[in-house]
S.K.: 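Take this structure, written in C-alpha cells, and hold onto it; I'll ask about it next.
Heads up: numbering here begins at 1 and tracks the sequence. Bear in mind the structure is a predicted one, so any value in this text is a computation, not a measurement.
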Amino acid sequence: MGIKIVGKIEKVNGKEISYREFVEKNVDKNQPVVLTGLMEDWRASRDWVTENGKPNFQFFATHFGNSKVQVADCGTIEFTDQKRVEMSVSELVDQWLQDSIHEDGNATAGVSKDKSFLYLKDWHFVKEYPEYIAYTTPQFFCDDWLNLYLDNYRIHKDPDIYSEDNEVSCSDYRFVYIGEKGLRTNYDLYFSFLIDLGRLSMQMCSGPIVGRQINMKSSVYNIFDDVSETKFPGFKEEDTISINHNWFNAYNLGWVWDLLLKDYNEAKEYIEDIKDICDDFEGLCQRNLAANTGMNFYDFFIFLARICFANLVQVCHQLRDAENLVWSLPSKIRHLTLNLVSIQKVALKMKSMEGLTRNHVLHLDFRETLDDPEFFELCMAWEKTYGTIYNQQKCDYHLEKSLTCDIRDLDIIRTLASQVSTPEDLVIFIDNIITKLVIPDN
C-alpha cells in the first residue's frame, strides 16, 4: 500500500484572500490549500504551546486532566484498527512524560521496546468545554452544515444503542487530537471538508483528493512509509496537538451520500445470508449502517429536510426585507439557492432507495417545524453564519416572532405544500421554492 504524491499544495495568507476567492478557487474545484495568518489571536495558540514552540501537554493535564478520552494504542492492532482504551487526560500525559524520561536516559539510539504509542483521538473538546474558546472558526469555514445541525439535533437516536457519550450519536465533529511523534494517521468518516489546525499551521483538505483512493476505513496506514525528510526536506516527525474541524455543505454533500450508500451496500452484503429469515431485513441494514457510519438513510433524509427548511427561512427573510439594501444581498440569496439545489440533487439520487420508500414512516411539515424550539435555534445559527460570511451587521432576529412566525404570511409560504415524507416530496418542495424565487443580479 502506498500514497501517490503529486503536485504541490498552495500556501496563502488567509488575511489576503476573500471568501469568494477561496470558494471559487479551492472549495468548488476541490483544491487543498494551506491558509496562514489566522491563528495568532487564538487562545489555543497561547495556552497549548510552550515558549519554545512545543506542545504544552502539561497544560492539558492541569486544566483538563479529569476528562475521560479515547486513546489509540498504535502499537497494538485489533481487527482493522488500533486498539482503543479509555484514559483520563492526566493519566495519558503522565504516560507520555514517563516515556520521555525513559528515552532521555537511554544512551542507545532509536525507540525503546518499552515505549508506548498512545494517541488521543476524537476528543469532543469544544462540546466538553464550551466556555473555553480554544479557537474561532475563520469565515472561510463557517458554512458548516454538519456542526450547525449537531449543535441543535442528534443526528441518530436508537433506544438500544443511544447514550449521551456514545460515539454513534456523536455530539459534533470538532475534535482535538494529541500524539507523540511517529504515530499513525486516521481516516475521515464522511469525506467531509477538514480544517486541520496542527501545531501553528492551518490546512483545509476537501473530499477524496490525491491519495484518498486508499480505503483508509478498513486499514491502518503509516504515512511515514511515503512521507519522509528525504523526500520532503524540512519535514519532521514532532509531538503534535491538532484541532480537527470536519464539515460539509453544498459543495461536497453529494460525496457524503455516495459514501453513505457505499457503507450501506457493505452492511447489506455482510448479512445477505439471513435476509430470508429476517422479519425486518431493511431495518437491520439501517441499524448496522448507523452503528458503522454514525447515521443511516432516515437520519440523513431528516437532516436534509431540516437544512432545506433553515435555508428557506433565510431566503424568506431576504425576500421580505428586499427593500432594505443592507439585508438584500444578491450573493447571499444565490448562495442559499445553491444550497437548495445541492439538497435537491442528492434527494433525486435517494428517490430510488427501497429503504426510504417502505416500512418506515417519515413526516416533516415545514409549518409545524417553524414552532420547534430546536429548529428556531438552528435558524438563529444559520442567520449568524451567513451574516458572518457576507459581513452583514446583526439583524434583530432575537424575537422568535421575527424569525419564524412573520414569514408564514409571505406568498412563497402560503402557496407552498409543506409536508415532506419522502425524497420525492423534498425534490418537489425545493422545485416549488426555486420556481418562486427571483435571483437579483450583482
Side-chain angles (χ1 to χ4, degrees), residues 142-153 155 247-250 253 300-344 346-347 363-421 425-440:
C142 285
D143 191 14
D144 174 7
W145 296 9
L146 181 60
N147 290 293
L148 285 174
Y149 185 84
L150 287 170
D151 284 343
N152 298 283
Y153 293 100
I155 207 162
W247 50 293
F248 59 74
N249 55 32
L253 188 66
F300 189 57
F301 173 72
I302 292 172
F303 166 86
L304 291 180
R306 285 176 175 154
I307 296 298
C308 171
F309 292 169
N311 277 279
L312 176 56
V313 168
Q314 290 301 311
V315 168
C316 288
H317 276 288
Q318 293 296 114
L319 296 177
R320 187 191 67 176
D321 299 327
E323 294 181 1
N324 186 335
L325 296 180
V326 174
W327 307 130
S328 184
L329 291 177
S331 54
K332 180 177 178 181
I333 297 180
R334 283 198 298 273
H335 192 154
L336 295 168
T337 305
L338 169 69
N339 292 347
L340 293 171
V341 170
S342 81
I343 294 171
Q344 186 182 48
V346 173
H363 174 75
L364 284 174
D365 185 282
F366 176 65
R367 294 184 183 88
E368 292 177 1
T369 302
L370 289 173
D371 297 323
D372 178 5
E374 291 177 325
F375 180 72
F376 170 66
E377 293 299 326
L378 177 63
C379 289
M380 289 288 289
W382 222 253
E383 151 59 25
K384 181 179 178 182
T385 294
Y386 288 91
T388 298
I389 290 173
Y390 292 101
N391 299 312
Q392 287 180 287
Q393 55 181 305
K394 292 183 180 179
C395 307
D396 184 17
Y397 287 159
H398 295 291
L399 297 176
E400 183 171 351
K401 185 175 187 293
S402 174
L403 184 63
T404 56
C405 295
D406 288 355
I407 68 173
R408 297 172 189 271
D409 297 328
L410 291 175
D411 288 341
I412 191 175
I413 299 301
R414 289 204 311 267
T415 59
L416 197 64
S418 64
Q419 293 187 358
V420 173
S421 301
D425 292 339
L426 188 56
V427 170
I428 295 171
F429 181 83
I430 295 173
D431 242 354
N432 291 336
I433 296 170
I434 293 175
T435 56
K436 296 175 186 293
L437 291 179
V438 178
I439 309 301

S.K.: Which of parallel (below 30°), tilted (30 to 60°) and perpendicular (above 60°) describes Trp382 and Tyr386?
M.R.: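 Tilted, since the angle between the ring planes falls between 30° and 60°.
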
S.K.: Indicate the atoms forming the closest heavy-atom contact of Ala250 with Trp145, along with that distance.
M.R.: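 That would be N-CZ2, 3.6 Å.
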
S.K.: For the atom pair CG (Leu364) and OG1 (Thr369), what is the distance rounded to the nearest 0.5 Å?
M.R.: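 Those atoms lie 5.5 Å apart.
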
S.K.: Can you see which heavy atom on Cys142 is nearest to which on Ile389, and at what distance?
M.R.: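 Closest heavy-atom pair between Cys142 and Ile389: CB-CG1, 4.2 Å.
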
S.K.: Would a distance-only check, ignoring hydrogens and angles, find a side-chain to backbone donor-acceptor pair under 3.5 Å from Asn249 to Asp143?
M.R.: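 Side chain of Asn249 to backbone of Asp143: a pair is present.
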
S.K.: First locate atom CZ of Arg334, then atom CG of Leu336, and finally report the distance between them rounded to the nearest 0.5 Å.
M.R.: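 With rounding to 0.5 Å, CZ (Arg334) is 11.0 Å from CG (Leu336).
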
S.K.: Quick one: closest heavy-atom pair of Val427 and Ala347, and the distance?
M.R.: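 Looking at all heavy atoms of both residues, the shortest contact is CG2-CB, 3.7 Å.
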
S.K.: To the nearest 0.5 Å, what is the distance between CG on Asn311 and CD1 on Ile333?
M.R.: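 Result: 12.5 Å between the selected atoms.
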
S.K.: Could you tell me which non-hydrogen atom of Asn147 sits nearest to which non-hydrogen atom of Asp144, and how far apart they are?
M.R.: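 In this case the closest contact between Asn147 and Asp144 is ND2-OD2, 2.8 Å.
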
S.K.: Can you name the side-chain hydrogen bond (donor to acceptor under 3.5 Å, both in side chains) partners of Asn152, sequence neighbours left out?
M.R.: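 Scan of Asn152 (side-chain hydrogen bond (donor to acceptor under 3.5 Å, both in side chains), adjacent residues dropped) gives none.
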
S.K.: Please report the shortest heavy-atom distance between Ser421 and His363, naming the atom on each side.
M.R.: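 The answer is OG-ND1, 3.7 Å.
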
S.K.: Donor-acceptor pair, Gln419 side chain versus Asp365 backbone, under 3.5 Å?
M.R.: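 Side chain of Gln419 to backbone of Asp365, a donor-acceptor pair under 3.5 Å: no, none is there.
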
S.K.: Set out, in order, the CA-CA distance, both residues' side-chain angles and the distance that settles side chain to side chain contact (heavy atoms under 4.5 Å, CB included) for Val313 and Phe366, then state yes or no.
M.R.: CA-CA 10 Å; Val313 168; Phe366 176 65; 4.2 Å; yes

S.K.: As an exercise, state the distance from CG of Leu253 to CG of Leu146, rounded to the nearest 0.5 Å.
M.R.: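 Between Leu253 CG and Leu146 CG, I get 11.0 Å after rounding to 0.5 Å.
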
S.K.: State which residue, out of Tyr153, Phe248, Phe309, fulfils the ring pair (Phe, Tyr, Trp, His ring centres under 6.0 Å) condition with Phe303.
M.R.: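 For Phe303, the ring pair (Phe, Tyr, Trp, His ring centres under 6.0 Å) test succeeds with only one of Tyr153, Phe248, Phe309, which is Phe248.
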
S.K.: With rounding to the nearest 0.5 Å, note down the distance linking CD1 in Ile307 to CD1 in Ile343.
M.R.: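 Answer for the CD1-CD1 pair, Ile307 versus Ile343, is 6.5 Å.
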
S.K.: Side chain to side chain contact (heavy atoms under 4.5 Å, CB included), that's the test. Do Val346 and Ser342 meet it? Break it down for me.
M.R.: CA-CA 6 Å; Val346 173; Ser342 81; 6.0 Å; no

S.K.: Any salt bridge linking Glu377 with Arg306? Criterion: basic side-chain nitrogen under 4.0 Å from a carboxylate oxygen.
M.R.: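 Arg306 and Glu377: not salt-bridged.
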
S.K.: What are the two closest heavy atoms between Ile430 and Cys308, and how far apart are they?
M.R.: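 Looking at all heavy atoms of both residues, the shortest contact is CG1-SG, 3.7 Å.
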
S.K.: Rounded to the nearest 0.5 Å, what separation is found between the CD1 atom of Ile433 and the CD1 atom of Ile428?
M.R.: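 Reported value, rounded in 0.5 Å steps: 12.5 Å.
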
